[in-house]
Amino acid sequence: MLDIKFIRENKDLIKDAAKRKKVVLDVDRLLSLDIKRRSLISEIDALRYEHKISSEKIITLSGEKREKFTEQLRDEKNNLVHKEYDLRAVETEYNELMLLVPNFLDPTVPDGESDADNKEIRAWGEIPDFKKIGGRTYLEIMEDLDMVDLERGVKVSGFRGYFLKNEAAKLSLALWQFCLDFLAKKGFVPMIAPSIVKKDNLIGTGWFPQAEEDVYKTQDETYLAGTAEVAVMGYHKDEILSKNDLPKKYVAFSPCFRREAGSYGKDQKGLFRVHEFFKIEQIILCRADHQESVRFHEELTANSEEIMQLLKIPYRVVINCAGDLGLGQVKKYDIEAWIPSEGKYRETHSSSYFHDFQTRRLNIRYKDEEEKIKFAHSLNNTAIATPRVLEALLENHQKPEGKFEIPEVLKKYM
RNA sequence: GGAGGGAUGCCAGAGUGGUCUAAUGGAACGGUUUGCUAAACCGUGGGGACCAAAAGUCCCGCGUGGGUUCAAAUCCCACUCCCUCCA
């Protein structure tokens, strides 16, 4: 959500952002509703005031005079109710449109249609010769060492189901612990966050209404979140933090659920795209300052890069093009791990900042140095996502003799 | 599963249809005073409309959402959460 005052004054910026992000939105319609809405509010406020004043007079009257005056008050009230009805209709449409207004883009964001147009900004690590290191896909390695059972996974869980077994189970736990420890040492508060969340958190983080079809709904009107970002952002909903509370840094573990609607053809076999996975997510709330957002965005990205480096997985960082950005994201970097069997990089991390887009929807504010109340800024980035990362980890660390070696940093956790 | 009681501002707590413009106390923040600290005194508190802005005026906010009424913290309905007791 953006400030309506900002939208009013930066109409063209919003139109441009909508166009580049491929969002269908009638900005002019929104602005005309805004004008109607405000004029009705003014009118209603004035009518309420008059009505209140006249209502108080009634106490001094009695008998027939009182009857007559009550009649008059009833008419006044009727008029007011009609106006309020009009306002409600205007506001319903206004609110719907407001949820579709995209955040503007950082000037460094390139144009583009999809993830194919994302631009590499740096790469790390030496790309191994796939044939020389063993030439086997992660599924071949895992099946050979009895680390995965996809058939029974599908039997039990349905399409995209899986069981991780033996070393894969241990490896997952080790990765989680390593990442949680690593970020806790950097001052992030470790959390285990709920995956079952109420709708307002999904609207608040900007997942709804846009990505509603990708989220599982329960029979209790709750939802299964696709990331801990949703719950952790909801953690401070409706709060006013003090200036000393910021920045808030959290590292949260949670199971994640995604319907993967609209991706039926993609990655059908394996662990890269599954309905149920586990993720450790970094979340930051900071002061409402662009420079600060940028600084923390780089920091979050650097943290994940450090994790990849310690795991010795070759990767590259791309800056996402406008068409690949969510409604609320001002700028996003993806970290893509090198997948030897596919001979290309694939996304394992996603690092974004939102300015006050999420906090405005979630009503997360703070008092600044001048005791002014402002919406905080928010950011998030993946720390590690399993089982997805296993693909890169196993393939890059395989040995010709059919084994694989785990990175040094994980050894103490296994 | 059943029966009661409750939810008021940052906290405690009064208010059961019309001067509630939500009393009072405490905390916090800002200010005055002060050599410094404490105390004392004054002020402030969330959202919104009008306004270039400030000032100011007004509207909304007593768990949430509806309703009754000229008028609702107060009455009615539904929901959420908390507490007590019974099984």
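Because the structure is predicted, anything quoted here is derived from the model rather than measured. Naming: A, B, ... by sequence-line order, numbering from 1 per chain.
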Which sits closer to the 5' end of RNA chain B, A/His51 or A/Arg88, going by the nucleotide each is nearest to?
-> A/Arg88
Nearest to the side chain of A/Lys77, which nucleotide is it out of B/C59, B/G47, B/C70?
-> B/C70
Centres of the A/Phe104 and A/His355 rings: under 6.0 Å?
-> yes
Considering only the C1' atoms, how many Å lie between B/G45 and B/C29, rounded to the nearest integer?
-> 9 Å
Nearest-angstrom distance, C1' atom, B/C83 to B/G30 | 39 Å
Distance below 4.0 Å between A/Arg74 side-chain N/O and B/C70 OP1 or OP2 | yes
Could you give the distance separating B/G43 and B/C60 at their P atoms, to the nearest angstrom?
-> 25 Å
Could you tell me whether A/Arg316 and A/Glu305 make a salt bridge, using a distance below 4.0 angstrom between a side-chain N and a carboxylate O?
-> no
Once you round it to whole Å, what is the distance between P of B/G63 and NZ of A/Lys237?
-> 17 Å
Distance between P atoms of B/U34 and B/C50 (Å, rounded) | 45 Å
Describe the nucleic acid contact of A/Ile41 in one word from base, sugar-phosphate, nothing, applying a heavy-atom distance below 4.0 Å.
-> sugar-phosphate
Residue A/Lys367, side-chain atoms from C-beta onward, closest of B/G48, B/G46, B/U69 | B/G46
Provide, to the nearest angstrom, the distance between the CD atom belonging to A/Glu91 and the C1' atom belonging to B/C59.
-> 13 Å
Taking the side chain of A/Tyr49 as its heavy atoms from C-beta onward, which of B/C58, B/G46, B/A49 lies nearest to it?
-> B/C58
Tell me whether the centres of the aromatic rings in A/Phe257 and A/Tyr223 are closer together than 6.0 Å.
-> no
Mind checking whether A/His236 and A/Tyr250 have ring centres under 6.0 Å apart?
-> yes
Side chains of A/Ser378 and A/Thr359: is there a donor and an acceptor less than 3.5 Å apart?
-> no
d(CG, A/Asp200; P, B/C79) in whole Å = 20 Å
Run through A/Leu40, A/Leu33, A/Ile41 and flag the one making a side chain to side chain contact (heavy atoms under 4.5 Å, CB included) with A/Glu91.
-> A/Ile41
If you check the A/Ser55 side chain, which of B/C50, B/C70, B/G46 turns out closest?
-> B/C70
For A/Lys57 and B/C70, give me the distance from atom NZ to atom C1', rounded to whole Å.
-> 13 Å
Report the distance from atom NZ of A/Lys5 to atom P of B/A52, rounded to the nearest whole Å.
-> 12 Å
Nearest 0.5 Å, what's the CG-CE distance between A/Leu175 and A/Met414?
-> 8.5 Å
Test A/Ser350 against every option in A/Thr382, A/Asp334, A/Thr227, A/Asn380 by the side-chain hydrogen bond (donor to acceptor under 3.5 Å, both in side chains) rule and name the one that passes.
-> A/Asp334
B/A3 - base-pair partner by Watson-Crick or wobble geometry, distances under 3.5 Å | B/U84
Side chain of A/Ser42 (C-beta onward), nearest among B/C50, B/G48, B/G18 | B/C50
Closest of B/A49, B/C59, B/G46 to the A/Arg365 side chain is B/G46
Ranking B/C50, B/G48, B/C60 by distance to the side chain of A/Asp45, first place goes to B/G48
In whole angstrom, give the distance that lies between atom NZ of A/Lys374 and atom P of B/G45.
-> 19 Å
Interatomic distance at P, B/A71 relative to B/G61, whole Å = 13 Å
Distance between the P atoms of B/G63 and B/U16, in whole angstroms?
-> 15 Å
May I ask which nucleotide in the shown strands pairs with B/A38, Watson-Crick or G-U wobble, both distances under 3.5 Å?
-> none
Tell me which of A/Arg48 and A/Ser39 sits closer to the 5' end of RNA chain B, going by the nucleotide each one is nearest to.
-> A/Ser39
Could you state the NZ-P distance from A/Lys83 to B/A49, rounded to the nearest angstrom?
-> 19 Å
Pick the C1' atom in B/A28 and in B/C10, then give their distance to the nearest Å.
-> 7 Å
Pair assignment for B/C58, Watson-Crick or G-U wobble, requiring both distances under 3.5 Å | B/G48
Once you apply the 3.5 Å cut-off to both distances, tell me the Watson-Crick or G-U wobble partner of B/U33, or none.
-> none
Nearest-Å distance, CD (A/Glu84) to C1' (B/G65)?
-> 16 Å
Watson-Crick/G-U partner (both atom distances under 3.5 Å) of B/A27 = none
Please determine, for B/U68, whether a Watson-Crick or G-U wobble partner exists with both distances under 3.5 Å, and give it or none.
-> none
Does B/U19 have a Watson-Crick or wobble partner in any strand here, with both distances under 3.5 angstrom, and which is it?
-> none
Which part of the nucleic acid, if any, lies within contact of A/Ile373, taking any heavy atom under 4.0 Å across all strands shown: a base, the sugar-phosphate backbone alone, or nothing?
-> sugar-phosphate
When both distances are under 3.5 Å in a Watson-Crick or G-U wobble arrangement, the nucleotide paired with B/C79 is B/G63
Determine the Euclidean distance between corresponding C1' atoms of B/C75 and B/G15; express it in Å to zero decimal places.
-> 16 Å
